[in-house]
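When reading the values below, keep in mind they use all heavy atoms of this one structure, side chains included, and skip hydrogens, waters and symmetry mates. Start at 1 and go down the list; that is how both ligands and their atoms are numbered. Remember, it's a predicted structure, so these values are computed and weren't measured experimentally.
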Amino acid sequence: MRTDTGHVFRLEDYRPSDYLIRKTELDFQLDPEKTIVTARLTIERRDGVSLATPLILNGDELELVSLHINGQPVSDYTAMPELLTIRSLPQQSSFTLEIVTRINPTTNRQLMGLYRSSNVYTTQCEAEGFRRITYFPDRPDVLSVYTVRLEADKQAAPILLSNGNLEANGDLANGRHFALWHDPHPKPSYLFALVAGDLGSISDQFTTLNGRQVALNIYVEHGNEDRATYAMDALKRSMRWDEEVYGREYDLDIFNIVAVSDFNMGAMENKGLNIFNDKYVLADPQTATDTDYAGIEAVIAHEYFHNWTGNRITCRDWFQLCLKEGLTVYRDHEFSSDMRSRAVHRIDEVKILKAQQFPEDGGPLAHPVRPKEYREINNFYTATVYEKGSELIRMLRTIIGDASFYKGLDLYFSRHDGEAATIEDFIKCFEDVTGRSLAHFALWYDQAGTPLVTVSSDYDAASRSLRLTLGQKTDPTPGQSHKQPMHIPVKFGLIGADGKDIAVSSHEGAGLEGDVLHLREASQSWTFHNIAEKPVLSLLRGFSAPVHLSQQLSREEQLFLARHDSDAFGRWQVIHQLMSNAIIANVEKLRLQEPVAFDPALAELLAELVQDETLDHAFRALCLSLPEEADIARELGSNIDPDLIRSSREALLSVIAAQNAALFAKTYASLQDNAAFTPDAEGAGKRALKAVLLSYLAASDNGPARVYAQFNDADNMTDKIAALTLLVHRFYGHDNATQALAQFEKDYGNVPLAMDKWFGVQARRPAPDALETVQQLMQHPLFSLDNPNRTRALLGAFAAGNPTGFNRPDGKTYAFFTNLILTIDRENPQLASRLLTSLRSWKTLEPARREHLKTALETIAQAENLSADVRDITERMLA
Ligand code: PHE
Ligand code: ZN
């Protein structure tokens, strides 16, 4: 049943709810097909609301069993699967409503509400899943104190968990048992959770700042207990870090994490009972890569940090989603930066931002960090809300300074604790502690699009002065044709011929504070005096604002910055730009069927960098890695032919590999060590450098021997999968590649997270017949569209990670893919719509492919019975 009414929800229509739910008592009689939910709600009519105002509760596919008010059966009501309206309510402002509903966890394949995953009952309520459990004012500003009683068959479900603290448990007749959980902290319905099933666990404990003893448990499928220890360690480090850096303490006696194998997203911050996609819990060196470990550390921290930024202070409405998500992403980025190398982490953050958020902001799905309207909220858990939302917090900190930033947050935590807040509330805290207006900065929340910052500079030797002009412009985005200038903090440095930063002693022009230029107008100039020689400009250090920077640097200046910028991010950025320019120049040559040509200076620079022992391995690896094909496509922006991009990138790779073959081989060999695997930044950096060197060597070697050796010798998944990827992508058809795929399948056939990688590597193989490979893999016994991780591993990787294979010129893939979206949509609309967004940049393709894609998208648009999720995305993409 579809409930897409086409209704558009608007921020400006917000009204507080007429009825409040002070207490929520839930009783679950758990059964795989017929679960009975009894909700006893203590309801209060808000002051000033008239008696005649009906009580309207949300539902979704619900079946009502009975309804009582103050113990009496109710007659004056209308119950529909998606709405319960009760008229004729008691005179008193407070009354109790008892609702009994019946739900089927087994047939719930949307993975929203109460569902079963590997025989475990689990819930997912954000954003609007609670209404699939019982009728309720399912909106984040209705905060309630929950008491939850769970009853289930003891053998099938020995573990019974919900939010808060355990109050009682015990055995019942007929082999059943119960548990009673109470969460003293008022919370919105989206933070409710329960888990029931037969699970293994590991336990630990944590003593908080003020001496509270917290029991920590991580629940996993039996047999996976040992693979949860890294997650437990990350949890304890997160708890300590939030105390030390933000003064935030945990507030219950118990903190539970459950890993489930069927989950639409990464994880969920339910109060005291975080539920995770097992991908972000389970790891050991044989099955998880360094990236997986870093992901676990980040997501564990992210969900834990939500306890304050999201749970104690939640969002007034879903338009304010970035209030909790942007801030929490910022906090987890900071945590990871403290745990690892800050500079390297920053580069990784920016790579993700540019790869995921920039295309969103520059295409048909662009929306403000705080959207003003939505049709389906599930479609707004986006890179813009999360990643750009985090960048806004970072800019805010840059603008007001560290001390005011922490002071403002302290005020936010004390002023709004226990409330459902807005972006205005948040900003006001920083205005109050600094005494300055942040109105201009706040425009970032409402104006979509990535500003383009342009640069011009002029050095005058006679007056020893440098004049710098920065301009800004933001292109129109859907629904916002006219853009205003933003407040853009541009961190900068002037570098002298000796490679050192020049201190700025005297200048003209408003908005220079420390090393930050505050660009607030469409164009602004500054003049720096007493500059003895023409400096090289390093702009946007640390990527101080989420903007496109267009700066005309000469080749000499670029090479100079690549060697001397004291800002590591700046160095990486300019190296990346050099590579990108080289690839783009040759795309044009290839288009005209001219021979490609490369400046040998780039390969020389890389040779220098790889040998520079003062740089950490991870940074060197980042500098050596060529931009991805998708990065080049984004830079080009229109008329994209993925095959030309790939050829040009391949040509550059070969040139660099050939020019540095001996050096790379020597360095690669020097990085082989026999030390036991540790998942820390140090070891990960070495493996990353090894991997990038191997990718060059694979291009210059005559055959797969070296790569195959790494595949066989690897004692960890990072090295193994790097080798397997090269074997499959470069030496497909060679015995070694075939053997490696078979061996991997044999070794990891019963480790789903490892098999996801096996599917993914093949889905990304750049080849004209990638589609046929993917279709064959869909027939593999281990493939299932019911499991989101597996679906994303094969089909998500194909659509988002294989530009040439996916965009083959005949358009066959598009028809296949859109058909598949329709199939998935029948079961799991969220998964379908998310997969579909990988086509968000379709308008930038060259005309032939673009036409094919348009036809495919129109087929979706015309299909019957589309979910609200897929309809919303399709219509916006076609608009
Ligand atoms: N709130 C979750 C997070 O950011 C994400 C999520 C959204 C999970 C919706 C499930 C459903 O941590
Ligand atoms: Zn989050």
**Complete:** ligand 1 atoms nearer than 4.0 angstrom to some heavy atom of Lys324 are 1 (N)

**Prompt:** Which atoms of ligand 1 have any heavy atom of His302 under 4.0 Å away?
**Reply:** 3 (C), 4 (O), 12 (O)

**Fill in**
Nearest non-hydrogen protein atom to atom 5 (C) of ligand 1, with distance, is Tyr386 OH, 3.3 Å

**Prompt:** Identify the closest protein heavy atom to atom 1 (N) of ligand 1: which residue and atom is it, and at what distance?
**Reply:** Glu126 OE1, 2.6 Å

**Residue pair Phe305, Phe335: steps toward the ring pair (Phe, Tyr, Trp, His ring centres under 6.0 Å) verdict** = CA-CA 10 Å; Phe305 296 159; Phe335 169 73; 5.7 Å; yes

**Message:** Under 3.5 Å between any N/O of Tyr381 and any N/O of ligand 1: does that happen in this structure?
**Reply:** no

**Message:** Using a 3.5 Å cut-off on N or O atoms only, is Glu303 in polar contact with ligand 1?
**Reply:** yes

**Prompt:** Which of the N/O/S atoms in Glu325 sits closest to the Zn ion (ligand 2)?
**Reply:** OE1

**Heavy atom of His306, distance to ligand 1 below 4.0 Å** = yes

**Asked** Which atoms of ligand 1 have any heavy atom of Ala267 under 4.0 Å away?
**Response** 2 (C), 3 (C), 5 (C), 6 (C), 8 (C), 12 (O)

**Asked** At a 4.0 Å threshold, what atoms of ligand 1 neighbour a non-hydrogen atom of Gln124?
**Response** 10 (C), 11 (C)

**Fill in**
Closest to atom 2 (C) of ligand 1 (heavy atoms only, candidates Glu128, Met112, Glu269) is Glu269

**Arg375/Glu875 salt bridge by N-O under 4.0 Å criterion** = yes

**Message:** Could you check whether Ser201 and Asn217, counting side-chain N and O atoms only, form a donor-acceptor pair closer than 3.5 Å?
**Reply:** no

**Request:** Please state which part of Met265 comes within less than 4.0 Å of ligand 1, counting heavy atoms only: side chain, backbone, both or neither.
**Result:** side chain

**Ionic contact status for Asp317 with Arg10, cut-off 4.0 Å** = no

**Item:** Exam field: side chain Glu249 to backbone Thr208, donor-acceptor pair closer than 3.5 Å
**Value:** no

**Item:** Check ion pair Glu360-Lys388 (N to O, under 4.0 angstrom)
**Value:** no

**Message:** Counting the benzene-type ring for Trp, do Phe130 and Tyr190 have ring centres under 6.0 Å apart?
**Reply:** no

**Carboxylate-amine/guanidinium proximity below 4.0 Å for Arg237 and Glu244** = no

